[in-house]
Amino acid sequence: SKVLVSEGSSRCSESQQLEIKSLSEEIEKLKNPENLGISSQLAELREENARLKYRLNILKRSNQFNKNMLNINQHLQKLFGDAIRMAFPDLQNPPLSVAPSQQGRFGDYQCNSAMAMAQMMKANGQKVSPREIAEKIVENIPFNDLIEKAEIAGPGFINIHLKKAFVSKLLTTVLVNGVQPPPLEMKKKVIVDFSSPNIAKEMHVGHLRSTIIGDSMCRLFEFLGYDVLRLNHVGDWGTQFGMLIAHLQDKFPNYLTVSPPIGDLQAFYKESKKRFDSEEDFKKRAYQCVVKLQSKEPEFIKAWKLICDVSRNEFQKVYDALDIEIIERGESHYQDMMTDVVKEFEEKGLVQLDEGRKIVFPPGHSIPLTVVKSDGGYTYDTSDLAALKQRLFEEKADIMIYVTDSGQSGHFQLIFAAGQMIGWYNPAETRVEHAGFGVVLGEDKKKFKTRSGDTVRLVDLLEEGLKRSMDKLIEKERDKFLTAEELTKAQRSVAFGCIKYADLSHNRINDYVFSFDKMLDDRGNTAAYLLYAFTRIRSIARLANIEEATLREAAQSTEVLLDHEKEWKLGKCILRFPEILQKILDDLLLHTLCDYLYELATTFTEFYDSCYCVEKDRQTGEVVKVNMWRLLLCEATAAIMAKGFDILGITPVQKM
């Protein structure tokens, strides 16, 4: 669709309104061609009518694109989808394939639908060559401001060349309005369930992936305009609290009046577990404590809350360091809902008895869910079903993402299948998905452990990251140029940025090897490289003594020229950002964004090496010429990188 820059936009709006009015009148006339006495030309008029309607829609939608970024690929798919339908109206669900060209000589985008359509038509008894199909598609491309030309190559590839003037306008839109997401058709409610550590146990490296991946998914949905609820489904209920409360009573008998100084909750947990396994009397008392806690006796609830608070404070240190916002809503939140959930399954005849257990077999699964144990207690299955129902009916979620390790995939497939079976949701209308991830490995390719074989504590890992990043900054002599405050900011940016990026830049489905040396390397696809590249891009205008206000003014008045092949390549790369976000929205694979940011940074380097942005006198070093349109390309690149970093949860700094 046509994108209009803000300068003179009111004038454009008036002229558009007049064109909309005149086109509407023309369409009304064409609706009844008999009145015009030209019934013989009915087919032609209908075709013209369709074209005018398309043009009218373009104009009506153009105001939407005044500020928002345009997803070029999606827009091309719309154009080619319409062309295919007009050229082959009888073909049911024709395949549509539009993608960026891998090589510049094949245009900017390619439509490869003709080959698949030929196969489809052959199956229907029609023999048409892919090239003929491609020709008919090209003939029927509706009027648009985006395509310069569409050429047919080889057996039926359609090479699409974009209009430079249009691409230039889109870049100006980014410069004037900032990086705005494409318009959202409907603001949906999204719940992301992530992090989810267990109370009384420390967060370990396994929680790192869920926390980082879940936070980034939330940031993506938030940027795109969705209503996002970030939930921390902590393990804050269950039989382990019996032994913890019994141990608390013994170790700190006056806990009700004096807050117990539990410094090391991990050690406290180990002590209580040791007693539970070896002392029979203690074990009995622990079971009694569970019953009293479940009966909500006040002093047992207080003991439970004390233990939860100690854990919460420890978790918060990690969340603060990694800049994570999350609402705690643990298993305890759903306790009172479980009885009703079991009752609902029973009333619908979906529960079977098995040696005293109550089980549910979701369709298509040979493993059942246990909703009530033989001792009458509930299970993880019951609490996860209660959570699913609460999120669907009370929170009214349209999209639900569970971010846990892939080992829990089978469990969640059972939960989702049971939810569908009982009629809580229809997957065609509500998206409920498990976003699983692989384990973190050490450099020996085995499960990441400490030298003594213990699980790596997350707090220790983050501390080590800070130490390593400071060593790296001092090695690069940044301490000689930065103030103490700037150095600390750079240290945190590099440390936490590198830890997050190392995780997110790998396909989450695979296991990944944790290596500080690799993640802090400033060569290749790492946060260290991208953060340094970003700082350099941001400094280009500053070193040329060009004020922000001057750049803002230039964005309004200077056309972004794209005559040099490297300018053109960079301009197109910048504008692929909405396509990348759409892909991640579909498959929830965030490494696509990391790959894109790395491609953008390397494409920028090619541009910067070939195209002078600021020309200086070789003797004096004075600025003799500023190529403002190129500086604007620098600014647009930095704006996209900054938004990409924000979605990944990475905080760049001014100086590094």
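What's counted below: heavy atoms across the whole structure, side chains too, no hydrogens, waters or symmetry copies.
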At their closest point, which heavy atom of Cys308 faces which heavy atom of Asp236, and how far apart are they? SG-CB, 4.3 Å
Is the centre of the Trp424 ring less than 6.0 Å from the centre of the Phe345 ring? yes
Is Ser210 reaching over with its side chain to a backbone N or O of Ser195, donor-acceptor style, under 3.5 angstrom? yes
Only one of Arg329, Arg391, Met400 forms a side chain to side chain contact (heavy atoms under 4.5 Å, CB included) with Asp193, so which one is it? Arg391
Run Thr370 and Arg357 through side chain to side chain donor-acceptor pair (under 3.5 Å) and show every step you take. CA-CA 7 Å; Thr370 299; Arg357 295 184 307 154; 2.9 Å; yes
Intermediate values then yes/no, side chain to side chain donor-acceptor pair (under 3.5 Å), Tyr598 and Ser505: CA-CA 10 Å; Tyr598 181 60; Ser505 60; over 6 Å; no
Show, in sequence, the C-alpha distance, side-chain angles and deciding distance for Phe514 and Phe516, and conclude whether the ring pair (Phe, Tyr, Trp, His ring centres under 6.0 Å) test is met. CA-CA 7 Å; Phe514 190 98; Phe516 274 122; 5.0 Å; yes
Using only atom types and a distance under 3.5 Å, with no angle test, would you say the side chain of Lys446 pairs donor to acceptor with the backbone of Leu441? no
Cationic N near anionic O, under 4.0 Å, Glu344 to Lys389: yes
Minimal non-hydrogen separation, Ser493 against Thr651, with atom names: OG-O, 2.6 Å
Lys283 charged N/C atom sitting above Phe276 aromatic ring, 6.0 Å / 45°: yes
Between the side chains of Asp309 and Lys305, is the shortest nitrogen-to-carboxylate-oxygen separation below 4.0 Å, so that they form an ion pair? no
Identify the two heavy atoms, one from Phe534 and one from Ala638, that lie closest to each other, and give their separation to 0.1 Å. CE1-O, 3.3 Å
Below 4.0 angstrom, N of the basic side chain to O of the carboxylate: do Glu346 and Lys358 qualify? yes
Within the distance-only criterion (no hydrogens, no angle test), does the side chain of His506 pair as donor or acceptor with the backbone N or O of Arg508 below 3.5 angstrom? no
Does atom CG of Asp444 have more than 12 heavy-atom neighbours, drawn from other residues, nucleotides or ligands, at distances under 6.0 Å? yes
Taking all atoms of both residues into account, what is the closest heavy-atom pair of Tyr501 and Leu530, and its distance? OH-CD1, 3.3 Å
Donor-acceptor pair, Gln335 side chain versus Glu331 backbone, under 3.5 Å? yes
Could you check whether any side-chain N or O of Arg209 sits under 3.5 Å from a backbone N or O of Val440, counting only pairs where one atom can act as donor and the other as acceptor? no
Does any N or O in the side chain of Thr535 come within less than 3.5 Å of the main-chain N or O of Leu531, such that one atom is a donor and the other an acceptor? yes
Nearest non-hydrogen partners of Leu590 and Met217, listed with the distance: CD1-CG, 4.0 Å
As a test of understanding, state which of Tyr255, Phe241, Phe268, Phe252 forms a ring-ring contact (aromatic ring centres under 6.0 Å, His included) with His247. Phe268
Before accepting this row, confirm whether a basic side-chain N of the pair Asp511/Lys445 lies closer than 4.0 Å to the acidic partner's carboxylate O. no
Arg468 vs Glu464, salt bridge (charged side-chain N to carboxylate O under 4.0 Å, His left out): CA-CA, chis, key distance, verdict: CA-CA 6 Å; Arg468 298 271 198 125; Glu464 175 75 6; 2.9 Å; yes
Could you check whether any side-chain N or O of Arg219 sits under 3.5 Å from a backbone N or O of Asp646, counting only pairs where one atom can act as donor and the other as acceptor? yes
How about Asp384 and Tyr334: does a side-chain donor come under 3.5 Å of a side-chain acceptor? no
Minimum side-chain heavy-atom gap Leu265-Ser311 below 4.5 Å: yes
Heavy atoms from other residues, nucleotides or ligands near NZ of Lys189 exceed 12 (cutoff 6.0 Å): yes
Any Pro427 side-chain heavy atom under 4.5 Å of Gln420 side chain: yes
Any donor and acceptor pair, going by atom type alone, linking the side chain of Asp215 with main-chain N or O of Ile324 inside 3.5 Å? no
Would one find more than 12 heavy atoms of other residues, nucleotides or ligands at under 6.0 Å from atom CD of Gln266? yes
Can we call the ring centroids of Phe416 and Tyr402 under 6.0 Å apart? yes
Would you find more than 12 non-hydrogen atoms of other residues, nucleotides or ligands less than 6.0 Å from Lys518 atom NZ? no
Do NZ/NE/NH1/NH2 and the carboxylate oxygens of Lys296 and Asp336 come within less than 4.0 Å? yes
Is Arg457 salt-bridged to Glu202, going by a charged N under 4.0 Å from an acidic O? yes
Under a 3.5 Å distance rule, please check whether Lys583 uses its side chain to pair with a backbone N or O of Thr592 as donor and acceptor. no
With a 4.0 Å cut-off on N to O distance, would you call Arg230 and Glu325 a salt bridge? no
Basic-acidic side-chain contact under 4.0 Å: Asp323, Lys500: no
Just wondering, more than 12 heavy atoms not from Ile367 lying within 6.0 Å of its CD1? no
Is it true that Phe437 and Tyr512 have ring centroids separated by less than 6.0 Å? no
Before you tell me yes or no, could you show the steps for Thr382 and Thr379 under side chain to side chain donor-acceptor pair (under 3.5 Å), namely the whole-Å CA-CA distance, both residues' side-chain angles and the distance that decides it to 0.1 Å? CA-CA 5 Å; Thr382 334; Thr379 66; 3.1 Å; yes
Does atom CZ of Phe393 have more than 12 heavy-atom neighbours from other groups under 6.0 Å away? yes
Is the side chain of Asp264 donor-acceptor paired with the backbone N or O of Ala267 at a distance under 3.5 Å, no angle test? yes
Smallest heavy-atom separation, Ser272 atom then Leu244 atom, equals OG-CD2, 3.6 Å
Ignoring hydrogens and geometry beyond distance, is a side-chain donor-acceptor pair present between Asp398 and Tyr226 at under 3.5 Å? no
